[in-house]
Number of protein chains: 2
Amino acid sequence: MTKTRATPIEDDAPRREIIRAAAELFMDLGYRATSIDAIAERMGATKGRVYHWYGSKAEIYFDVQINAMQKLIDLIEPIARGGGTPRERLERMARAHVDILLHDLPMQKVSVQGLETHVISSTGTRHTKAMRDIVRLRDDYEQMFCEVIDEGTRQGVFVDLPARMLSKPFFGALNWLTIWYRPRRLQTEEDLEAIAENLTGFAMRGILKEQER
Amino acid sequence: MTKTRATPIEDDAPRREIIRAAAELFMDLGYRATSIDAIAERMGATKGRVYHWYGSKAEIYFDVQINAMQKLIDLIEPIARGGGTPRERLERMARAHVDILLHDLPMQKVSVQGLETHVISSTGTRHTKAMRDIVRLRDDYEQMFCEVIDEGTRQGVFVDLPARMLSKPFFGALNWLTIWYRPRRLQTEEDLEAIAENLTGFAMRGILKEQER
DNA sequence: ATCGCTGCATACTAATTGGTATGTTCCAGT
DNA sequence: ACTGGAACATACCAATTAGTATGCAGCGAT
């Protein structure tokens, strides 16, 4: 039987639908240019539905960020903490990272680029709590990569530079796809895998010392 | 003597001042959140001055793009067409590219990231002419890198992949600094050079075949 | 049967803002 | 002296839009 009821819905499907629609619009139009009405319209609803589940536009944005980061962390953390050499783990992490970007582009694009500064300015100095949580998640995420990099550097397989100096261009080579990549209907799953493979290969060569491959 | 006059000023100083102020605000707030009033206020002027020199907000934005791209092209083209091996030229191009990003951050950040999509949506389908000019400039600029890469690949010093597959992560490693980098007053010129050196080194390792360095 | 609460839709307000229309000052050439 | 135009400032308008207030249908518990 359907379990419709007047008591509060405990699952988060309505909120997920909203942040999904919002992320697509944020990606295409940016935060400021995305209106609540447009988000509602994309869902075949009106503003009332959106404001029933979220208190403000900024809150929607923050929830997009949180969900995107959480998805990354949930999938990459096991790899980072798993077995294998630093090189093997880093490569698997990079590959998984790109796969997520490609298959969850709207939310990840919003998350990965520095759009939060736009929100700060438009909401004044409020929302700093949620903002800090997001920055914290991102820092933790980057830190996971930095630790693996650091381990590899100490073993002499990665270039001898501070991990933070390597993680920036490393992420750059991968994350830049959120700038240039546009989904095409003709693109097959193999095409996506080829992109992921190329980007991962480039990033690994950038970080490996000379005596590798 | 000063050559003040009632006849039209032929130099472009007023327009340069406007796009400079606008670029700083675009960088911090995004296109949509930047108001003409804010641009004027940053110059200690009012809206009248801005609209005297530009017909619309989009026109200001396009001029920022054009100027940023032209600066890149003017400085990198001589290197691309100059002497040296593909590897030497590409490294000099990358280094000069990062130097420009670091020293002209506001305009370059606006130029380098994909913000033009936001403008498209807000201006409808007009402005497609100026838009195409900018996309053309960007394509030409990337093409200069691709030709050097292709030359190096044919000589066997670069990874054997299509130049377009290599240029994306190559630019990514460099351009990503427009996302993470924040100017600090404590930062010296040497710090900037260290950043440029690291990013360039990473990008070159990503593109070079095994038998190099 | 009805009462209350959830899950919305509808109607409205107030603030922002791109763009325009209209002054106003000041200089150059005559 | 006078005039025309350049380089602005000021005042204003119309459209957009975040957020609120209110209405209302439908279900579940009593």
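This structure is a prediction, so every number in the text was calculated from the model and none was measured.
Between A/Trp53 and C/dT6 there is no side-chain N or O to OP1 or OP2 distance below 4.0 Å. The phosphate of C/dC8 (OP1 or OP2) has no side-chain N or O of A/His52 nearer than 4.0 angstrom.
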Do any N or O atoms of the protein come closer than 3.5 Å to N or O atoms of nucleotides 11-18 of chain D, and which pairs are they?
residue, atom, partner, partner atom, Å
D/dT17, OP1, B/Arg32, NH2, 3.1
D/dA18, OP1, A/Thr34, O, 3.4
D/dA18, OP1, A/Lys57, NZ, 3.0
D/dA18, OP2, A/Ile36, N, 2.8
D/dA18, N7, A/Lys47, NZ, 3.3

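Judged by distance alone, the side chains of B/Gln187 and B/Arg182 never bring a donor and an acceptor atom under 3.5 Å apart. Between the side chains of A/Asp139 and A/Gln143, no donor N or O sits under 3.5 Å from an acceptor N or O.
Scored by the salt bridge (charged side-chain N to carboxylate O under 4.0 Å, His left out) test, B/Arg136 finds B/Asp140 as partners (sequence neighbours excluded).
Side-chain atoms of B/Thr153 come within 3.5 Å of backbone atoms of B/Ile149 as a donor-acceptor pair (strictly under, hydrogens ignored). Here the side chain of A/Asn67 pairs no donor or acceptor atom with the backbone of A/Val64 at under 3.5 angstrom.
In this structure, A/Arg15 atom CZ and C/dG7 atom C1' are separated by 15 Å, rounded to whole Å. Distance, A/Ile39 CD1 to C/dC8 C1': 17 Å, rounded to whole Å. Atom CZ in A/Arg49 sits about 18 Å away from atom C1' in D/dG23, given to the nearest Å. In this entry the distance linking CD1 of A/Ile18 with C1' of C/dG7 reads 11 Å, nearest Å.
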Pair up each side-chain donor or acceptor in residues 91-98 of chain A with any protein partner under 3.5 Å, not counting sequence neighbours, and list the distances.
residue, atom, partner, partner atom, Å
A/Arg92, NH2, A/Gly83, O, 2.8
A/Arg95, NH1, A/Glu197, OE1, 2.6
A/His97, ND1, A/Tyr141, OH, 2.7
A/His97, NE2, A/Asn175, OD1, 2.7

